[in-house]
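Keep in mind that the numbers below use all heavy atoms, side chains included, and drop hydrogens, waters and symmetry copies. Start at 1 and go down the list; that is how both ligands and their atoms are numbered.
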Amino acid sequence: MASDELHSIVVPMYNEEHVVGLFFERLVAALADVPSYEIIVVDDGSSDRTWELLLAARERIPQLRLIRFSRNFGHQTAITAGIDAARGETVTVIDADLQDPPELIPDMIERWRDGADVVLAVRKARRGESVFKRATARVFYRLVRRLAAIDLPVDAGDFRLMSRRAIDALISMRERNRYVRGMVAWVGFRRDAVEYERDPRAAGTTKYPLGKMLRLAMDGIVSFSLRPLQLSAALGALAALLGFGVLVYAIFERLAGHDVLPGWTSLMVAILFMGGVQLLSLAVLGEYVGRIYEEVKGRPLYVVSERAGFEESAPGD
Ligand code: UDP
Ligand code: MG
C-alpha cells in the first residue's frame, strides 16, 4: 500500500451532540490503517453542545480540524466549507449520524488507488427509516435523474470520496444553490462505487425535516435543468389547444342549430384552466428568476465564526 499521502474526511454536523462521541470512536477505529488523514468537521450553527464536544474531542484526536458557522447555512453549504478547507489527496464526505459506515472509507481509498476519481457509496438497502422517507427518497432520485440533464447516480447520497482534481473542479463552482451530488456528477471523471446497507441514525433525530427535503429536491431539479420551464410551456400549449377545441365545438353546435346558451360552464372551465396554467408557469419562471437574483448578489456562501486546528500544519505536510 502506497505511501503517506493525506486523506481528508469532511463531516457536516448540525445539533449532533448525541452522536459526536460515538461517531469519532467509529471513524478513528475505521481509519486505523490509513497512515495520514485529517478530519474536518463543519459545525453548521448548532444550538446544542456540539461545538463544545468538538473542541473537547480535539484533545484526543490531533487530526481534527474544526470550522464553526455563524448560523445554520444548511447541509450542502457545510459540505462545501469542509471541501474548501480540505488539503488531502482525496476528500471523503460523510454524515455524522453513522448512517454512512466509516468502515467503508479504506475500501473507497483502494478504489481511488485503482484509478477512480469519484467513489460513490451506493445504498443497497435502507434500514430503520420510515416508509415515507424511503418512498420519497426513491421518487426523488428518479425524478431528479429524469429532469436533470446530467448523469446523476441513483441512491447515492453525499457519502463519497473524490480525488484532488475532482475536488479542485468542485471548488471552482461557486454557485449559491448547491446540490453537491449533482455538481460532482457534472464535474465528470471516472466513477466507481461501493455498496452498503444504510443503517438507522445512531442517535438523535433527523436534521432534514420535510421542508428542507423539499428545498433540496427543488435545488436538485432546478439547478441542473431547464426542463420545468419547457414543461410549463408545454402546459400552456395544451391549455390553448383545449380552449381552441371548445371554441370549435361551440361553433359546430351553433351551426347545427342547437339552441345552446353560450356556456357559462365551459367559459368558467376555460378561464380557470387558463388562469391555473398561467399561475403555474409564472411560479416556475419565478423560481428561476429568484435563483438568478440570489446568484447576482454574489454573497459569500457561508460565514465562519470560529476555527480550530488550522494554525499548525496538518499531519503529512
Ligand atoms: N446537517 C447539517 N446542516 C443541516 C442539516 C443537517 O450540517 O442544516 C448534517 C447533519 O448533522 C448530518 C447530515 O447533515 O451529519 C445529514 O443529516 P441527517 O442525518 O439529519 O439527514 P437524514 O439522514 O435524516 O436525511
Ligand atoms: Mg442521517
How far is atom 20 (O) of ligand 1 from the closest protein heavy atom, and which atom is that? Lys207 N, 2.5 Å
May I ask you to identify the nearest protein heavy atom to atom 17 (O) of ligand 1, giving residue, atom name and distance to one decimal place in Å? Tyr208 CD1, 3.8 Å
Under a 3.5 Å distance rule, please check whether Arg68 uses its side chain to pair with a backbone N or O of Asp43 as donor and acceptor. no
Taking N or O atoms only and a 3.5 Å limit, does Pro12 qualify as a polar contact for ligand 1? yes
Identify the closest protein heavy atom to atom 24 (O) of ligand 1: which residue and atom is it, and at what distance? Thr206 OG1, 2.6 Å
Below 3.5 Å, N or O to N or O, backbone or side chain included: is there any such pair between Thr205 and ligand 1? no
Protein heavy atom at shortest distance from atom 23 (O) of ligand 1: Gln99 OE1, 2.6 Å
Part of His75 with heavy atoms under 4.0 Å of ligand 1, whether side chain, backbone, both or neither: both
Any link between Val19 and Leu55 through a network of hydrophobic side chains (Ile, Leu, Val, Met, Phe, Trp, Tyr) touching at under 4.5 Å? no
Spatial distance of atom CG (Asp48) from atom OH (Tyr14) [nearest 0.5 Å]: 9.0 Å
Tell me whether Arg198 reaches ligand 1 (any heavy atom closer than 4.0 angstrom to a ligand atom). yes
Atoms of ligand 1 less than 4.0 Å from Asn72 heavy atoms? 3 (N), 4 (C), 8 (O)
Give the numbers and elements of all ligand 1 atoms closer than 4.0 Å to a heavy atom of Ala96. 15 (O)
Which ligand 1 atoms, with their elements, are less than 4.0 angstrom from a heavy-atom of Lys212? 4 (C), 5 (C), 8 (O)
Counting heavy atoms not belonging to Glu52, are there more than 12 under 6.0 Å from its CD? yes
Should we count CZ of Arg174 as having more than 12 external heavy atoms under 6.0 Å? yes
Is it the case that the side chain of Glu295 and the backbone of Arg176 share a donor-acceptor pair, with hydrogens and angles ignored and the cut-off at 3.5 Å? yes
Give the ring-plane orientation class for Phe69 versus Tyr302, where under 30° counts as parallel, over 60° as perpendicular and anything between as tilted. parallel
Is Arg113 paired with Glu110 through a side-chain N to carboxylate O contact shorter than 4.0 Å? yes
Check against salt bridge (Lys or Arg N to Asp or Glu O under 4.0 Å), Asp44 and Arg71: CA-CA 7 Å; Asp44 188 9; Arg71 65 168 170 87; over 6 Å; no
Taking every heavy atom of Gly82 against every heavy atom of Ile40, the minimum-distance pair comes out as O-CD1, 3.9 Å
In the protein, what heavy atom is nearest to atom 18 (P) of ligand 1, and what distance, to one decimal place, separates them? Arg201 NH2, 3.4 Å
Of Asp100, Asp95, Asp44, the residue with the heavy atom nearest atom 13 (C) of ligand 1 is Asp95
So Ile39 and Leu27, side chain to side chain contact (heavy atoms under 4.5 Å, CB included) or not? Walk me through it. CA-CA 9 Å; Ile39 305 170; Leu27 181 65; 3.6 Å; yes
Please report the C-alpha distance between Asp107 and Arg111 in whole Å, then the side-chain angles of each, then the deciding distance to 0.1 Å, and finally whether the salt bridge (Lys or Arg N to Asp or Glu O under 4.0 Å) criterion is met. CA-CA 6 Å; Asp107 274 359; Arg111 301 290 175 115; over 6 Å; no
Neighbouring protein N, O or S atoms of the Mg ion (ligand 2) [cut-off: under 2.8 Å, no waters]: Asp97 OD2, Gln99 OE1
Between Val11 and ligand 1, which part of the residue brings a heavy atom under 4.0 Å of the ligand: side chain, backbone, both or neither? neither
Subset of ligand 1 atoms that lie under 4.0 Å from at least one heavy atom of Met13: 7 (O), 11 (O)
Option from Arg181, His75, Arg178 for which side chain to side chain contact (heavy atoms under 4.5 Å, CB included) with Leu216 holds: Arg181
Under 3.5 Å, is there a donor-acceptor pair between the side chain of Asp97 and the main chain of Gln99? yes
Backbone N/O of Ile94 and side chain of Asp100: donor-acceptor pair under 3.5 Å: no
Which of the ligand 1 atoms, numbered from 1, are nearer than 4.0 Å to a heavy atom of Glu16: 10 (C), 11 (O), 12 (C), 15 (O)
Between the candidates Tyr14, Phe23, Phe73, which shows the shortest non-hydrogen contact distance to atom 2 (C) of ligand 1? Tyr14
Which residue supplies the protein heavy atom nearest to atom 19 (O) of ligand 1, what is that atom called, and how far is it? Asp97 OD2, 2.5 Å
Closest protein heavy atom to atom 25 (O) of ligand 1, given as residue, atom name and distance to 0.1 Å: Lys133 NZ, 2.7 Å
